[in-house]
2 protein chains.
Amino acid sequence: MKIMHKEHILTKNQQIIFDLIDKSPEPMKAYSILFNVQKKGIKAPLQVYRALDKLVEIGKIHKIESRNAFIACHNSSCQVANATAFSICEICEKVTEISSVGLSKYLANFKDKDGMKYSKYNLEFFGLCKKCTLK
Amino acid sequence: MKIMHKEHILTKNQQIIFDLIDKSPEPMKAYSILFNVQKKGIKAPLQVYRALDKLVEIGKIHKIESRNAFIACHNSSCQVANATAFSICEICEKVTEISSVGLSKYLANFKDKDGMKYSKYNLEFFGLCKKCTLK
DNA sequence: TACATAGTGTTATATTATAACAATCTAAAT
DNA sequence: ATTTAGATTGTTATAATATAACACTATGTA
Ligand SMILES: [Zn+2]
Ligand SMILES: [Zn+2]
Ligand SMILES: [Zn+2]
Ligand SMILES: [Zn+2]
């Protein structure tokens with residue numbers, strides 16, 4: 001898996017949008033991001049999507065595909081933008097990035113019957129978080 | 001993981017839409033499905049989405065989240081709609097459902113640090129298929 | 001300077017998905 | 001056969017997500 005270093009210098013729009021996502025306790029959707037940064041001069045969807053694309057590319061944030069939402073990478077050992085795993089609570093929608101050495105090793109080495117070699121994966125687990133299990 | 005039996009009797013719309021997806025060599029998008037079934041009397045997006053929702057629920061088709069597209073389940077040993085894995089070629093967009101006993105066992109038994117128990121997962125691998133590797 | 005590359009601002013538009021409501025069908029249960 | 005509950009349908013309208021196209025600006029570097 002290709003290593004993506006995260007020490008990019010962010011541009012103004014990228015920084016504004018990253019800061020917002022990074023502070024958010026939950027994944028943010030593009031138009032919610034747009035609404036929240038309009039006071040900072042980012043007025044159009046495209047400005048948001050362009051920043052999001054770049055932030056995803058360099059691994060500062062990840063997209064939760066099943067939710068069309070974006071979360072900051074809080075996986076300290078995660079130097080890659082292309083090997084991601086999340087747990088998602090189906091009640092409260094809490095999303096957590098999973099950092100398991102065992103899991104990432106297993107998936108990075110997984111080979112299917114066709115011998116296709118993978119350069120990237122995304123895994124989303126669904127269930128109930130602790131809080132929601134107790135309710 | 002809850003077992004979803006697939007021996008549902010499909011309604012007219014569900015059958016029309018399943019047949020179309022099942023014959024397609026590649027994942028189909030909702031509005032492409034709509035276009036293709038208009039001659040059969042299905043005229044509105046909602047009719048398509050409702051059938052898709054049901055077909056996903058009963059495990060006859062799966063949604064490829066990263067592509068917003070739908071593929072028929074061709075995994076003969078797959079009796080569940082909630083434990084899915086796919087390989088996706090980033091050039092030709094060929095999608096294959098992975099049926100690996102090892103993989104599904106590993107993921108079904110995976111537990112994260114928080115002890116969250118999962119009821120469902122979706123895994124998407126990305127890379128180059130054999131054909132595209134040779135080009 | 002000259003050039004290439006990446007980022008920006010803007011308008012318009014494409015694509016994906018759901019809300020709301022009335023009508024109809026289906027499968028039991030009386 | 002009649003009632004009832006639930007799922008499904010048909011329809012119009014609208015919401016939510018994402019990209020095309022184009023002119024312009026910043027930044028690094030040769
Ligand atoms: Zn990460
Ligand atoms: Zn929860
Ligand atoms: Zn399947
Ligand atoms: Zn390919």
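Proteins get letters first, then strands, A, B, ... in listed order; numbering begins at 1 in each.
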With the side chain defined as heavy atoms from C-beta on, A:K29 is closest, among D:dT9, D:dT17, C:dG7, to D:dT17
(Q) Is there, by distance only and without an angle test, a donor paired with an acceptor across the side chain of B:Y31 and the base of C:dA17 below 3.5 Å? (A) yes
Name the orientation class of the two ring planes belonging to B:Y118 and A:F125 (parallel below 30°, tilted from 30 to 60°, perpendicular beyond 60°).
parallel
Worksheet entry | Shared hydrophobic cluster for B:I91 and B:F86 (ILVMFWY, side-chain gaps under 4.5 Å) | no
note: B:E65, atom CD; C:dT16, atom P; distance rounded to Å ~ 13 Å
From CD of B:Q47 across to P of C:dT18 the rounded distance in Å is 16 Å
Quick note, B:K63 side chain, CB onward, closest among C:dA17, C:dT10, D:dT11 is C:dA17
Checklist entry - Does A:L107 share a hydrophobic cluster with B:F110, counting links as ILVMFWY side-chain heavy atoms below 4.5 Å and allowing steps through other members? => result yes
Margin query: With a cut-off of less than 4.0 Å, is there a side-chain N or O of A:N68 near OP1 or OP2 of D:dA18?
Written below: yes
Checking D:dA18, D:dT9, C:dT10 against the side chain of A:L46 (C-beta onward), the nearest is C:dT10
When rounded to whole Å, the NZ to C1' distance for the pair B:K12 and D:dT8 reads 11 Å
Out of D:dC22, D:dT8, C:dT16, minimum distance to the side chain of A:R50 belongs to D:dC22
query = Just by distance, do the side chain of A:S100 and the backbone of A:L103 share a donor-acceptor pair under 3.5 Å?
reply = yes
To the nearest angstrom, the CG-P distance between B:D53 and D:dT8 comes to 11 Å
| said: Looking at B:K54 and B:Y49, would you say the former's side chain and the latter's main chain have a donor-acceptor pair under 3.5 Å? | reply: no
Per atom distances to the B:T11 side chain, the nearest of C:dT10, C:dT16, D:dT9 is D:dT9
B:L34 atom CG is separated from C:dT18 atom P, nearest whole Å, by 15 Å
Per atom distances to the B:K43 side chain, the nearest of C:dT8, D:dT11, D:dA18 is D:dT11
Among D:dG10, C:dT11, D:dT17, the one nearest any side-chain atom of A:A44 is C:dT11
Among C:dT8, C:dT16, C:dG7, the one nearest any side-chain atom of A:K54 is C:dG7
